[in-house]
There are 2 protein chains.
Amino acid sequence: MSIMLKFDPIPSEETEPSDLGPVSSKEKEKVPTPTLERLTTYLRCVIDLGASGMETVSSAQIEEHTGISAAQFRKDLSYFGEFGKPGVGYNVPDLESRIARILRIHQMQPIILIGAGNLGSALLRYPGLEEHRFHIVASFDTAPNKIGKRLQDMDIVDFSRLREINSALKARMAILAVPALAAQGAADSAIESGVRAILNFAPTLLRVPSHVIVRNVSFVQELAVLSYHLAQSDSEDYS
Amino acid sequence: MSIMLKFDPIPSEETEPSDLGPVSSKEKEKVPTPTLERLTTYLRCVIDLGASGMETVSSAQIEEHTGISAAQFRKDLSYFGEFGKPGVGYNVPDLESRIARILRIHQMQPIILIGAGNLGSALLRYPGLEEHRFHIVASFDTAPNKIGKRLQDMDIVDFSRLREINSALKARMAILAVPALAAQGAADSAIESGVRAILNFAPTLLRVPSHVIVRNVSFVQELAVLSYHLAQSDSEDYS
DNA sequence: TAGATTGTTAATCGATTAACAATC
DNA sequence: TAGATTGTTAATCGATTAACAATC
């Protein structure tokens, strides 16, 4: 008799909701990455509209300002609930704060910077980060001629002290702006110090535990895609 | 009797090849953007393998080094012809030169830089660009305290001279590293001077003629996506 | 020849677009 | 109420994955 079986002999596909308590009754639908990427664009847009005094915005106006279609915008938001009023549109300040909250940039996010070379110091001085509440709280390098120097209003710290320092700072995001050969080692140390999300500028595959997220940025890749299309449109000129 | 029918009476979907002359008999299949983006990763990989003396590589080994699946690699290459030998693999130097040629980075690509601030000067000093034969041939800015200063081995030139200068240089790619409010104007001037591909670092929608290609880079976007996933994995910890 | 690995086709998966009932 | 605009469903489109015949 199956009544004896405390556990289902045929494992069900769906895991039982279990007792998550009152949290999120809505079954978590996975949000597509392109949707997440567009969220920053919407946020930027509503911040600007808000600054210009606009109180309400329609999806059609969002399309006009961002180049992303109204349908796409509505679909993207739908992953996170209801935001607007039919016939009216979206409240600008409300939309801003809700998107910021989804991305967890409604409050300051501490980030550590590894690699204080050209790119690293440019990022440190880039005002866009602070505007979006990303705050670089420490920067590390291995070069003796850099260690101890001040950059913005921070000392550049010896990379070997990363773990010690981040045990106090508890930053969970790191920007990796080091040469390719140093990237894996830098990532390993960062992860050991508690980092769980890495923005990697080195053209290298980082091997990380499954609980760590990596995103790669490559200028060369961007230029190469442009270069390809440029050549394509040249050859079309002959047709 | 079907023997009479020289042509299928039901018109076929495919358009007739028409007389494109001897150029590209293979009908141009549109290459997906993700494929183009991965091409740089493959190139980087085969350059490294070549430097380490490897002569032949299989798609399985590419997967091992890049994290991109062997099937994906083969599918990606298939848009551009046949590259390997069944049972053997791909010749490393050959693969390198063919990918470089597809991306048109087998020969030097002149680029102009607009905006010689933190980010702009970091890009100018970034060795990866030259390694991939992207060569910044001029840099422009509007700030009087920057104009005339030397950066790498180049003078920073007054932005108002962009058109004049690029009529000689004939660069068709531009990197835009200016504040958001200056971006559209900078793009307009660049396009007027002959630029047809723009790498835009400003968080702004650029409005450009249809023959001009734009790619946008946003650090904030990348960090925001990381931030979202970080928050997600936190909430999973409670389950 | 036997084993390995390609290039390609078909099946799957996922994202975008279009359309519209619900509702302000 | 009539007009506008949302949120969502269904249809379309496109990219990835899996499988395998071809071939070295």
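All values reported here derive from a predicted model rather than from experimental measurement. A, B, ... follow the sequence lines: proteins, then strands. Residue 1 opens every chain.
- Annotation: side chain to side chain donor-acceptor pair (under 3.5 Å) contacts of B:R172 (sequence neighbours excluded): A:D234.
- When the salt bridge (Lys or Arg N to Asp or Glu O under 4.0 Å) test is applied to A:R38, the partners found at least two apart in sequence or on another chain are A:D76.
- The separation between A:L77 atom CG and D:dT6 atom C1' is 11 Å, rounded to whole Å.
- In this structure, B:K75 fails the cation-pi test against B:F73, since its NZ or CZ atom is not both closer than 6.0 Å to the six-membered ring centre and inside 45 degrees of the ring normal.
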Atom pairs and distances, side-chain donor-acceptor, residues 84-94 of chain A, under 3.5 Å, sequence neighbours left out:
{"unit_1": "A:N91", "atom_1": "OD1", "unit_2": "A:D94", "atom_2": "N", "d": "2.9"}

Report summary line: Symbol by symbol from the 5' end, with Watson-Crick or G-U pairs under 3.5 Å, [ ] crossing and | another strand, DNA chain C is ..||||||||||||||||||||||
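- Across the protein-nucleic acid pair, A:E82 atom CD and D:dT9 atom P stand 11 Å apart, rounded to whole Å.
- For B:A231, the side-chain contact (heavy atoms from CB on, under 4.5 Å) partners at least two apart in sequence or on another chain are A:R104.
- In this structure, A:R133 contributes its side chain and A:I105 its backbone to a donor-acceptor pair below 3.5 Å.
- The ring pair (Phe, Tyr, Trp, His ring centres under 6.0 Å) test applied to A:Y228 returns no partner, not counting sequence neighbours.
- A heavy atom closer than 4.0 Å to some atom of DNA chain C occurs in A:R38, these being the qualifying members of residues 37-55 of chain A.
- DNA chain C is contacted by B:S59, B:R74, B:K75 of residues 59-75 of chain B, taking any non-hydrogen atom closer than 4.0 Å.
- For residues 46-69 of chain A, the salt bridge (Lys or Arg N to Asp or Glu O under 4.0 Å) pairs, not counting sequence neighbours, are A:R44-A:D48, A:E64-B:R207.
- Residue pairs meeting the ring-ring contact (aromatic ring centres under 6.0 Å, His included) criterion with at least one member in residues 177-217 of chain A, sequence neighbours excluded: A:F201-B:F219.
- Taking B:E37 as the reference, B:R215 meet the side chain to side chain donor-acceptor pair (under 3.5 Å) condition, with sequence neighbours excluded.
- A donor atom on one side chain and an acceptor atom on the other are not found under 3.5 Å apart for B:H135 and B:Q109.
- For the pair A:T66 (side chain) and A:I62 (backbone), a donor-acceptor distance under 3.5 Å is present.
- In the region residues 83-93 of chain B, proximity to DNA chain D at under 4.0 angstrom, judged on heavy atoms, holds for B:K85, B:P86, B:G87.
- The side chain of B:Y79 sits closest to D:dT16 out of D:dT16, D:dT5, C:dT8.
- For the pair A:R98 and A:F80, the cation does not sit on the ring face, since its NZ or CZ is not both under 6.0 Å from the ring centre and inside 45° of the axis.
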